[in-house]
Amino acid sequence: ELYVAEPDGSTVTKVNDPTVNPNSDVDDEPVWAPDSSRIAYRSNESTRTGGVFVLRTVQPNGNDNVIVNPQGIVGNSSVSAVSFSWAPDSTRIAYLANQDDTNKNELYTSAAATSLDNEKVNGILPIGGNVSQYGWAPNGSRIAYRADQNNDVPYELWTATPTGGSITQVSGNNATSVNSFAWAPDSSRIAYVADEDINDIFELYTVLPDGTGGVQVSTNVTNPGFNVIGIPSWSPDSSRIAYVADLDANEVFELYTSQAAVATNSIKVNGTLLGGNVLTGPVLGAAPAWSPDSTALAFVAQQNTTGIGVYVGKANGTGTVKVSGATNTAVLLGPYEEVWAHDGSRLAYMADQDTVNTLDLYTTIPTGNTNIVKITPTPVQNNSLKSFGKWAPDSSYIAYVSAQDTADVAELYMSKPTGGNNQNISGALVFEGDVDSQRFEWAP
């Protein structure tokens, strides 16, 4: 079920619809509207024949709980998992569903609290065609989406207005496939990874939302097997793009940045590696984590003989500093948006820094490893930490899920980023109850 809690745990309110089948579950990570007015969630309930997945929105106090996706002409269409996203102004929500054709996953938007204002965004898809990824322009003017709209595979990159129409292909016509994309924070350009030259080399491009002004910004490589991988990541000021690639040695993936609209201008951020690849998140190729002031990036690598660690590197390639302590076998950064405090004062990481094979949550300053704080207290069992930390919008707290007080019971906690004032937010849980380790979000 879905609950909303005050940060001090004083009030906890169940907000999912109490009238649906008792065997129904809140199935997906809840998503707050940017203005905090509503919460969206996916539910596998039997309010429609067959118990399909629907998309609901609800006020934080539990009022006005509505389904925003219509059944569609196919009847009982399902909203896809991890597929819904609010417009920046909170007036509409986008999602993927097989609403008009059971064999096609397409992109729709709906008004925030009704299914009566519902529109398909993408163009006509061929047999076998699907929308596989989309993203709102930060200013809400357009939606970019990745789809095999011309033919069934490869995937092109398109933009459209939020209610459909004005559809434009922005990737090159010769691309064998667009792998990933990201909007600039100021909505001025879109970065995407593709094999535009059909030579088995995936490179990084940027383009204007109307499809003009396209340029390759990663440095040319001539050997197949050298590629830009993963998801590009824009600096908060929209001036540069960070990405992972093996531009200098095949299968050695390192961290680079490029200027937003300058051809072939890759700059390496990390120092000399003593082994392995640069990790910019939970997995190789995850989106790199920019500092809020756009000057630096956090990454995991082995750059000295003491093993892997967390480093902060200057975006212009002028140097790196290790910010984590001595570790045993594991060091992890979470998703890029969860690494840095929003005010840039500290960053978070997980490591077995104190106990072998047991991860704890730490925060550190971005200028060195002289002020490292262990956030998680000594738990009742090893491997109690269940999630990476999520920063409060004002950077005053960091929240996480852990079984630190009761064995095998995962609860929600928050702590000051400099340690202390560690509080249980979720309160007492029922027997064998748990807080889902990924499905908790701060109100904006």
Side-chain angles (χ1 to χ4, degrees), residues 28-29 31-34 40 42 55 79-97 105-110 112 119-123 125 129-149 155-171 175 177-194 202 204-211 213-214 217 228-238 240-243 260 280-281 285-290 335-338 441 444:
D28 219 336
E29 185 170 355
V31 181
W32 282 91
R42 196 176 81 131
L55 180 61
V79 172
S80 300
V82 199
S83 76
F84 43 97
S85 174
W86 287 95
D89 66 359
S90 303
T91 59
R92 300 189 72 82
I93 188 165
Y95 62 93
L96 299 178
N105 219 28
E106 299 185 275
L107 176 61
Y108 299 85
T109 67
S110 175
E119 301 287 349
K120 184 191 295 185
V121 174
N122 57 270
L125 302 181
N130 289 285
V131 176
S132 63
Q133 180 190 0
Y134 74 90
W136 289 91
N139 64 9
S141 61
R142 295 185 75 79
I143 299 180
Y145 65 93
R146 175 181 177 264
D148 46 354
Q149 191 164 295
Y155 290 92
E156 310 92 29
L157 182 62
W158 304 76
T159 67
T161 53
T163 54
S166 184
I167 298 169
T168 303
Q169 182 177 337
V170 297
S171 59
S177 192
V178 172
N179 277 359
S180 61
F181 70 89
W183 282 94
D186 65 2
S187 303
S188 60
R189 298 184 77 84
I190 308 170
Y192 66 94
V193 176
F202 283 83
L204 180 65
Y205 300 82
T206 71
V207 66
L208 296 171
D210 64 2
V217 298
V228 175
I229 65 170
I231 303 171
S233 178
W234 286 87
S235 60
D237 66 4
S238 300
R240 302 188 74 85
I241 310 157
Y243 52 98
T280 56
W290 281 95
Y336 73 97
E337 70 272 15
E338 297 173 9
E441 297 290 339

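What you see is a predicted model, and the numbers here were worked out from it, not measured in a lab. Side chains included, hydrogens not; waters and symmetry mates left out as well; all remaining heavy atoms used.
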Determine whether [X] and [Y] make a side-chain contact, defined as any pair of heavy atoms from C-beta on separated by less than 4.5 Å.
X      : Y      : value
Trp158 : Val170 : no
Ile167 : Thr159 : no
Asn179 : Ile229 : no
Ser171 : Tyr192 : yes

query: Who pairs with Ser188 by side chain to side chain donor-acceptor pair (under 3.5 Å), at least two apart in sequence or on another chain?
result: Asp186
- prompt: For Asn130, which residues count as a side chain to side chain donor-acceptor pair (under 3.5 Å) partner, sequence neighbours excluded?
  reply: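 With neighbours one apart ignored, the set is empty.
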Name all residues meeting the salt bridge (charged side-chain N to carboxylate O under 4.0 Å, His left out) criterion together with [X]; count only those two or more places apart in sequence or in a different chain, and write none if there are none.
X      : result
Asp148 : none
Glu29  : Lys390
Arg92  : Asp117

By ring pair (Phe, Tyr, Trp, His ring centres under 6.0 Å) - contacts of Phe84 (at least two apart): none
message: Please tell me whether Arg142 and Ser166 have a donor and an acceptor in their side chains that are separated by less than 3.5 angstrom.
response: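 Checked: Arg142/Ser166 side chains pair up, N/O donor to acceptor below 3.5 Å.
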message: Given 3.5 Å as the limit, does a donor-acceptor pair link the side chain of Glu156 with the main chain of Val178, or not?
response: no
query: Under the salt bridge (charged side-chain N to carboxylate O under 4.0 Å, His left out) criterion, do Lys120 and Glu106 qualify, and how do the steps go?
result: CA-CA 7 Å; Lys120 184 191 295 185; Glu106 299 185 275; 3.3 Å; yes
